[in-house]
Amino acid sequence: MKTPLAPGIRLVTSFSRDSWYRGFILTLTFLFYTAYHLSRKPISIVKSELHRNCSSVIRPADLNSTNNATWCDWAPFDQSNYQTLFGVLDNSFLVAYAIGMFFSGIFGERVPLRYYLSFGMLMSGVFTCLFGLGFYLNIHSLWYYSVVQVLNGLMQTTGWPAVVACIGNWFGKGKRGFIMGVWNSHTSVGNILGSLIAGAFVSSAWGLSFIVPGLIIASTGILCFFFLVEKPEHINCTPPQHHSDKESDETGSLTTNSSYVDRSAYGSISAEPAEVVEQHTEAISFSGALSIPGVVEFSLCLLFAKLVSYTFLYWLPLYISNVAHFDAKEAGDMSTLFDVGGIVGGITAGLVSDYTGGRATTCCVMLLTAAPMLFLYNYIGQRSLATTVGMLLLCGGLVNGPYALITTAVSADLGTHESLRGNSRALSTVTAIIDGTGSVGAAVGPLLAGLISPTGWNHVFYMLITSDLLACLFLSRLVYKEALGWCRRVPRARGFKEI
């Protein structure tokens with residue numbers, strides 16, 4: 001008598017070879033970018049340890065110091081302008097990251113992604129560890145920490161264009177919003193793990209708050225070198241379908257002898273029928289990527305959306321510590337709720353945009369809702385623990401949802417746009433342009449927070465609310481185009497034929 005297969009084996013064999021490899025690549029790249037964000041987070045946790053309220057700290061009996069107000073601080077952050085100095089550290093990283101990102105995509109299209117990612121993660125690990133070694137080597141030079149931050153920022157630019165290009169190579173457009181929404185939770189997972197790991201060491205030996213994450217990202221670099229597969233064709237898997245049959249029917253084939261192309265609307269390009277689709281293998285130019293409909297609008301929107309997200313990333317623990325009077329570890333742990341909300345927000349944005357087909361509209365609605373929620377969080381967010389938890393989760397979802405959608409599904413959509421005529425080597429460059437522009441905002445936000453916060457946290461939140469509204473403004477044309485598209489679909493769905 002033949003016995004049935006074990007349930008576990010039936011489950012394993014129910015998935016095709018392609019499905020297993022796609023799941024493997026999704027998991028692998030998730031781990032890679034989790035490590036990238038994990039290694040960025042410690043600086044925000046350690047800030048409140050570098051400059052503390054020394055009056056509440058028990059002073060060692062053998063300590064020889066005449067300054068009772070700053071004896072427990074780490075020079076040079078023991079000065080009255082410590083918030084400005086923290087802003088210098090943040091900007092050293094973020095400005096280098098923003099500038100490097102525009103070049104990173106160009107390199108990513110021309111260098112094998114496996115080598116590029118492995119090198120970037122190994123070097124990021126080295127520079128993250130060097131920052132932590134400042135504690136053990138008793139280094140008190142602002143120049144040392146700033147230079148390490150600049151070099152680390154440049155190395156971190158290797159991550160995003162490469163992992164998005166890899167995911168774009170393996171997954172088609174069908175459920176891209178949902179898949180990438182789930183996958184993009186690596187940003188929040190990395191922030192949460194980075195906060196917890198840094199928080200575990202911050203009060204005893206803050207150098208380990210950097211060294212441990214540095215070793216983790218270096219280890220993932222080694223993992224990448226041995227296991228990453230850039231494209232499904234490399235292991236005889238089926239390439240994904242980047243455009244649906246419906247899109248192909250509506251837009252037609254784009255070829256070298258097309259006589260007319262209308263680029264007036266994002267996501268809607270029509271052309272005269274042609275005979276042969278030409279496949280391009282050369283990397284796209286910077287100007288060519290900018291000409292793709294929607295790239296400029298989404299890039300400018302991300303500039304302000306990322307400004308808000310990164311201001312929270314770098315300053316939220318210090319804000320909680322100052323306003324709610326938590327210690328460094330408690331403030332770091334509490335700040336992870338913002339990232340938990342970001343996970344839910346990213347997945348929700350992906351699902352809604354997949355269902356409606358309106359990437360821009362989804363982003364715009366979430367950004368508009370985020371503005372009043374930020375105002376409420378600043379005024380009532382610290383009244384009770386329950387209020388703090390609820391507002392952090394809500395604000396995290398609304399702030400990080402659009403940011404996650406633009407940097408993942410939108411970037412992949414535009415990087416495989418019909419106007420590229422089959423060019424599969426544009427994804428990294430398009431991603432770098434969008435995220436590079438956003439990184440300018442990521443650099444400006446924490447800097448402004450450092451300059452504005454001495455005048456009161458209220459002013460910082462007014463700056464964040466204004467940024468959210470400006471992000472919506474840049475999407476207004478695309479939202480209008482999407483609304484027109486929905487209006488045109490209604491008569492067709494009811495059986496009417498347009499004349």
Checklist entry - Hey, are Asp435 and Thr407 close enough side-chain-wise for a donor-acceptor pair under 3.5 Å? => result no
Checklist entry - How about Tyr36 and Thr158: does a side-chain donor come under 3.5 Å of a side-chain acceptor? => result yes
Checklist entry - Between Asn191 (side chain) and Thr187 (backbone), is there a donor-acceptor pair under 3.5 Å? => result yes
Item to check | Student check: side-chain heavy atoms of Leu367 and Val399 closer than 4.5 Å | outcome: no
Checklist entry - Between atom OG1 of Thr220 and atom CG of Leu228, what is the distance when rounded to the nearest 0.5 Å? => result 11.5 Å
Checklist entry - Do Leu302 and Thr437 touch side chain to side chain, with heavy atoms closer than 4.5 Å? => result no
Item to check | Full working for ring pair (Phe, Tyr, Trp, His ring centres under 6.0 Å) between Phe30 and Trp183 | outcome: CA-CA 6 Å; Phe30 182 94; Trp183 175 76; 7.9 Å; no
Next on the checklist: Determine whether a donor-acceptor pair (N or O, by modelled atom type, separation under 3.5 Å) exists between the side chain of Ser44 and the backbone of Lys41.
Outcome noted: yes
Checklist entry - Are Phe93 and Gln156 close enough, and set up right, to give a side chain to side chain contact (heavy atoms under 4.5 Å, CB included), and what steps lead you there? => result CA-CA 9 Å; Phe93 177 92; Gln156 288 266 333; 3.8 Å; yes
Next on the checklist: Checking ring-ring contact (aromatic ring centres under 6.0 Å, His included) between Phe338 and each of Trp315, Tyr310, Phe312, Tyr319, which is the one that passes?
Outcome noted: Phe312
Item to check | Any Trp486 side-chain heavy atom under 4.5 Å of Thr356 side chain | outcome: yes
Checklist entry - Do Tyr377 and Thr388 meet the criterion of a side-chain donor-acceptor pair at a distance under 3.5 Å? => result no
Next on the checklist: Does Arg114 qualify as a cation-pi partner of Phe225, given the criterion of NZ or CZ under 6.0 Å from the six-membered ring centre and within 45 degrees of its axis?
Outcome noted: yes
Checklist outcome for this item: Partner of Phe304 under side chain to side chain contact (heavy atoms under 4.5 Å, CB included), picked from Ser467, Pro402, Ser309, is Ser467
Next on the checklist: Less than 6.0 angstrom separating the ring centers of His186 and Trp160, yes or no?
Outcome noted: yes
Item to check | Note: Arg359-Asp354 ion pair, threshold 4.0 Å (strictly below) | outcome: yes
Checklist entry - For the ring pair Phe375 and Tyr379, is the centre-to-centre distance below 6.0 Å? => result yes
Checklist entry - Phe32 versus Cys224: any side-chain heavy-atom pair under 4.5 Å? => result yes
Checklist entry - Is the closest side-chain heavy-atom distance between Leu469 and Leu368 below 4.5 Å? => result yes
Next on the checklist: Between Tyr116 (side chain only) and Ser104 (backbone N and O only), is there a donor and an acceptor less than 3.5 Å apart?
Outcome noted: yes
Checklist entry - Do Leu447 and Asp90 have side chains that get closer than 4.5 Å, going by heavy atoms? => result no
Item to check | Pair Ser16-Ser19, side-chain donor/acceptor within less than 3.5 Å | outcome: yes
Item to check | Pro232 side chain near Thr238 side chain, heavy-atom distance below 4.5 Å | outcome: no
Item to check | Worked check of side chain to side chain contact (heavy atoms under 4.5 Å, CB included) between Ile292 and Val430 | outcome: CA-CA 9 Å; Ile292 298 171; Val430 169; 3.7 Å; yes
Checklist entry - Would you say the ring centroid of Tyr145 lies under 6.0 angstrom from that of Phe86? => result no
Item to check | Note: Arg477-Glu297 ion pair, threshold 4.0 Å (strictly below) | outcome: yes
Next on the checklist: Quick check on Tyr462: does its OH atom have over 12 non-hydrogen neighbours (other residues, nucleotides or ligands) under 6.0 Å away?
Outcome noted: yes
Checklist entry - Does Tyr33 reach the side chain of Leu117, with side-chain heavy atoms less than 4.5 Å apart? => result no
Checklist entry - Between Gln83 and Ser453, is there a donor-acceptor pair closer than 3.5 Å when you use the side chain of the first and the backbone of the second? => result no
Next on the checklist: So for atom CZ, which belongs to Phe102, do other residues, nucleotides or ligands contribute more than 12 heavy atoms lying within a distance under 6.0 Å?
Outcome noted: yes
